[in-house]
Colleague: 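Encoded as structure tokens, here's the structure I'll be asking about.
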Amino acid sequence: MTRERLLLFTTGLAYLLIGVEIVVMISPFALYFYSVYGPILDFLSLSPLTAWTTEFFLPHMVFLDDPLVLAVSYLQLLLPLGLLLFLTAAVPLYYGRFTGRGVVTASFYRKIRHPQYLFLAISGLGLLLYWPRFIILVLYVTMLFVYYFLARNEEWRMRREAPAEYEKYMAATPMFLPGNPGGRFYARFFGWLRPKWLGFVLFYGLSLSVAVGLALTLRAYTVSRLPVARTGEMTLVSVFPRPAAELETLFGSIRADEKAGRFLAENPSVNLAYVMPGDFFLTALVTEENRRFSDDIIERFPEVLEWHQHKFRGGLGKFFRIFYNFVRTLGTVETDYEVERFIFVTVADGKGIAGPENLFALGLDRTPALLVDIDGDSRRVLAVLETEPSHKWGGMPMPTF
């Protein structure tokens with residue numbers, strides 16, 4: 001294996017493993033995956049200099065009714081689209097190789113020299129937007145540069161195999177995009193630098209800085225649009241858009257409850273509450289406690305209780321059967337949306353409790369403290385439970401909005 005291919009393999013594997021985190025975390029492989037990947041995230045989260053890399057720059061748990069955020073979220077469709085185009089571009093390439101037709105110039109190769117790398121980049125962007133950790137963004141930008149160097153290596157080999165034909169093809173066909181905008185930008189601002197590797201290093205640094213800066217801007221915009229309500233020192237954030245008055249009314253009923261009210265009064269450090277349906281599918285990102293399943297759900301899918309109590313022994317077949325049954329009965333299964341769940345957490349930094357304006361700043365610690373279920377109609381408190389100080393994945397950094 002050449003150095004270029006080894007670089008592509010190792011960087012690509014790292015990007016793939018981190019990028020598919022959302023898939024692995026709900027599968028039977030989660031324990032193994034997080035025994036390897038988890039310590040890396042834990043290590044990064046220890047220092048303020050690196051803790052930001054484990055954070056998310058777009059919402060994953062909170063659903064915003066905002067045009068910009070929605071538009072960006074729709075770009076997640078680039079993941080399957082890019083993969084489909086990648087497979088389509090492979091057909092003329094390998095057909096030409098197997099038939100010995102020399103330089104492939106059919107289909108996408110008529111317009112650009114490396115459509116497969118372009119389509120992998122498009123698919124990777126969709127994956128990045130689906131699970132948008134900063135560390136994935138850093139690896140994604142790195143992957144783009146790895147694609148470039150690998151493409152250059154392939155062109156070097158092609159010029160040796162068919163020098164005249166491929167030189168002519170290169171002169172008439174751009175590398176990745178029509179008009180070659182990236183190459184023109186590099187040539188104008190970095191092409192004069194010597195040694196040549198210095199220009200690449202500076203270009204990579206600039207690209208990474210721009211990407212991270214854009215992600216930080218999107219994150220700040222998202223935080224400013226979160227559906228929150230503030231009452232006293234408590235901030236309430238709903239996972240679904242709803243009027244602040246409703247959140248405040250529900251919180252008033254909780255504070256009036258003897259057990260919940262006493263806990264909140266005795267623990268003034270608790271300063272944030274996530275408000276969600278009782279069976280919200282991302283509850284585990286916030287708390288160790290199980291979702292509140294309706295009797296109908298339990299009757300149809302008894303396996304879910306095993307799964308959420310970490311007692312699952314059904315194997316892969318039983319695991320995937322849960323999702324098959326869910327799709328089969330989609331639209332017919334009752335949910336507990338009439339049960340509102342408040343998960344109260346303490347948000348703090350290294351200096352103490354975070355203020356209301358900094359609850360979603362980078363690098364903060366979030367410790368769940370209290371879970372309260374309340375009937376959304378009668379405002380009657382159904383359950384009050386002091387929680388474990390962790391979520392389903394222990395202390396691993398998870399989406400905070």
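What you are looking at is a predicted structure, and each value in this text was computed from that prediction instead of being measured.
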Colleague: At what distance, to the nearest 0.5 angstrom, does CD1 of I122 lie from CG of L79?
Modeller: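 Between I122 CD1 and L79 CG, I get 12.0 Å after rounding to 0.5 Å.
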Colleague: Kindly list each side-chain donor-acceptor pair under 3.5 angstrom involving residues 199-209, sequence neighbours excluded, with atom names and distances?
Modeller:
| unit_1 | atom_1 | unit_2 | atom_2 | d |
| --- | --- | --- | --- | --- |
| Y204 | OH | T142 | OG1 | 2.8 |
| S207 | OG | F203 | O | 2.8 |
| S209 | OG | G205 | O | 2.8 |

Colleague: So, does R133 use its side chain to make a donor-acceptor pair with the main chain of T54 at under 3.5 Å?
Modeller: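 Side chain of R133 to backbone of T54, a donor-acceptor pair under 3.5 Å: yes, one is there.
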Colleague: Salt bridge check, R152 against E155: does any charged N sit closer than 4.0 Å to a carboxylate O?
Modeller: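 Yes, this pair counts.
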Colleague: Pair F149, F145 - check ring-ring contact (aromatic ring centres under 6.0 Å, His included), show working.
Modeller: CA-CA 6 Å; F149 288 119; F145 279 79; 7.1 Å; no
Colleague: Assess whether side-chain contact (heavy atoms from CB on, under 4.5 Å) is satisfied between R255 and M234, documenting all intermediate values.
Modeller: CA-CA 11 Å; R255 198 159 46 183; M234 183 66 66; over 6 Å; no
Colleague: Below 30° counts as parallel, above 60° as perpendicular, anything between as tilted: where do the rings of F344 and F342 land?
Modeller: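 Parallel.
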Colleague: Under 3.5 Å, is there a donor-acceptor pair linking the side chains of Y117 and E154?
Modeller: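 Indeed, the side chains of Y117 and E154 share at least one donor-acceptor pair under 3.5 Å.
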Colleague: Evaluate whether atom CD of E388 has more than 12 neighbouring non-hydrogen atoms of other residues, nucleotides or ligands under 6.0 angstrom away.
Modeller: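 Not buried by this count: 12 neighbours or fewer within 6.0 Å.
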Colleague: Using a strict cut-off of less than 4.0 Å between a Lys/Arg side-chain nitrogen and an Asp/Glu carboxylate oxygen, indicate whether D373 and R341 qualify as a salt bridge.
Modeller: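 So D373 pairs with R341 through a salt bridge.
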Colleague: Tell me if a side-chain donor or acceptor on R230 pairs with a main-chain N or O of L236 at a distance below 3.5 Å.
Modeller: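 Such a contact is absent between R230 side chain and L236 backbone.
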Colleague: Are the side chain of N271 and the backbone N or O of A354 linked by a donor-acceptor pair below 3.5 Å?
Modeller: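 Judged by distance alone, yes, a pair lies under 3.5 Å.
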Colleague: Among all residues two or more places apart in sequence or in another chain, which pass the salt bridge (charged side-chain N to carboxylate O under 4.0 Å, His left out) test with R379?
Modeller: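 In terms of salt bridge (charged side-chain N to carboxylate O under 4.0 Å, His left out), with neighbours along the sequence ignored, R379 is linked to no residue.
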Colleague: Could you walk me through whether V339 and D375 pass side-chain contact (heavy atoms from CB on, under 4.5 Å), step by step?
Modeller: CA-CA 5 Å; V339 176; D375 188 295; 5.9 Å; no
Colleague: Could you label the plane-to-plane angle of the Y186 and F190 rings as parallel, tilted or perpendicular, counting under 30° as parallel and over 60° as perpendicular?
Modeller: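 The rings of Y186 and F190 lie parallel, inter-plane angle below 30°.
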Colleague: Looking at S73 and L70, would you say the former's side chain and the latter's main chain have a donor-acceptor pair under 3.5 Å?
Modeller: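 Checked: pair present.
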Colleague: Pair L118, F108 - check side-chain contact (heavy atoms from CB on, under 4.5 Å), show working.
Modeller: CA-CA 11 Å; L118 172 63; F108 299 109; over 6 Å; no
Colleague: Can you tell me how the ring of H114 sits relative to the ring of F176, calling it parallel under 30°, perpendicular over 60° and tilted otherwise?
Modeller: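 Rings of H114 and F176: tilted, 30 to 60°.
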Colleague: Measuring from K259:NZ to I254:CD1, what's the distance to the nearest 0.5 Å?
Modeller: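 Rounded to the nearest 0.5 Å, the NZ-CD1 separation comes out at 13.5 Å.
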Colleague: For the CD atom of E161 and the CE atom of M158, what is their distance to the nearest 0.5 Å?
Modeller: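 These two atoms lie 5.0 Å from each other.
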Colleague: Is a side-chain N or O of R366 found less than 3.5 angstrom from the main chain of V345, in a donor-acceptor match?
Modeller: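 The answer is no, because no donor-acceptor pair under 3.5 Å joins these two groups.
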Colleague: Nearest 0.5 Å please: distance from the CG atom of L247 over to the CD atom of E340.
Modeller: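 Reported value, rounded in 0.5 Å steps: 8.5 Å.
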Colleague: When you look at CG of D65, are more than 12 heavy atoms from neighbouring residues, nucleotides or ligands closer to it than 6.0 Å?
Modeller: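 At most 12 heavy atoms, drawn from other residues, nucleotides or ligands, come within 6.0 Å of this atom.
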Colleague: Can you name the residues that form a salt bridge (charged side-chain N to carboxylate O under 4.0 Å, His left out) with R184, not counting sequence neighbours?
Modeller: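 Checked R184 against salt bridge (charged side-chain N to carboxylate O under 4.0 Å, His left out); zero matches.
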Colleague: Once you measure the plane-to-plane angle for Y274 and F360, does it fall in the parallel (<30°), tilted (30-60°) or perpendicular (>60°) bin?
Modeller: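 It falls in the perpendicular class, over 60°.
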Colleague: Is the side chain of E55 donor-acceptor paired with the backbone N or O of G363 at a distance under 3.5 Å, no angle test?
Modeller: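 Indeed, once roles are kept as given, a pair shorter than 3.5 Å links the two residues.
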Colleague: To the closest 0.5 Å, what do you measure between CG (L371) and CD (E289)?
Modeller: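 Going from the CG atom of L371 to the CD atom of E289 covers 6.5 Å.
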Colleague: Should L382 and I374 be marked as a side-chain contact (heavy atoms from CB on, under 4.5 Å) after you check the CA-CA gap, both sets of side-chain angles, and the distance that decides it?
Modeller: CA-CA 5 Å; L382 304 174; I374 182 172; 5.8 Å; no
Colleague: Which value, rounded to the nearest 0.5 Å, describes the distance between L78 atom CG and L83 atom CG?
Modeller: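 It comes to 10.5 Å.
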